[in-house]
Amino acid sequence: MKILCIGRNYAAHAAELGNAVPEEPVVFCKPDSALLGKNLPFVVPSFSQDIHHELEVVLRIGKVGKHIEPRFAHKYIDAVTVGLDFTARDLQSELKSKGLPWEKAKGFDGSAVVGAWKSPDVLDGSDLEFSLLKNGQSVQLGRVRDMIHSPAQIIAHLSRYFTLKTGDLIFTGTPAGVGPVVPGDHLEGFLADDRVFSVNVR
Ligand code: MG
């Protein structure tokens, strides 16, 4: 199983980090060891002083595909949820400034939180909203229709480079509102009105 991730997929988030809006999806990977186990706390790693939450819609692939056309992409999604792409922002900034890959800042243990799976029907119409509460306060609110690259376009693009396999996960990028987490924080992710994950930060 692999975890493919899209960066800068919402104009407001690209702007908040001072990045240009890309013409092609920005792509990176997390290893499967990045997945945070169900009901486990997220432990802030010792190598970062600035871990950020990034709330994202996550797609699960249901069958093998390569060179998938956008109009057929929905057939490859077997479940949808929201999750967190935890990011060591200080380390990522250092790596970016040196032109180096992001993996250490994005793929460390526990950096991928995945909520409870829902039917892919929730994507129909693209009016889907999702949100993150930190300590009971709303900090991120996203709408699928605000994605620069839609789920279908993302699947078409990724499958030109990577054979998609059953069980692969795709993080589709975060809307605006990313920010730091510290030990003691409590994060809750919502897909529409359903709370799909709850994570304590240690
Ligand atoms: Mg992200």
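Atoms within each ligand, like the ligands themselves, are counted from 1 in listed order.
Alongside V114, the hydrophobic cluster contains M1, I3, L35, V58, W117, L169, F171 (criterion: ILVMFWY side chains under 4.5 Å). In the hydrophobic clustering (ILVMFWY side chains linked at under 4.5 Å, chained through shared members), L133 is joined by F190.
Using a cutoff of 4.0 Å between basic side-chain nitrogens and carboxylate oxygens, R89 and E54 are scored as salt-bridged. Remark: R60 does not engage D168 in a salt bridge, criterion side-chain N to carboxylate O under 4.0 Å.
For the side chain to side chain contact (heavy atoms under 4.5 Å, CB included) test with L164, the passing option among L59, L4, V64 is L4; the others fail.
Each protein N, O or S atom less than 2.8 Å from the Mg ion (ligand 1) was counted, giving 3.
By the ring-ring contact (aromatic ring centres under 6.0 Å, His included) test, H52 pairs with no residue at all, sequence neighbours left out.
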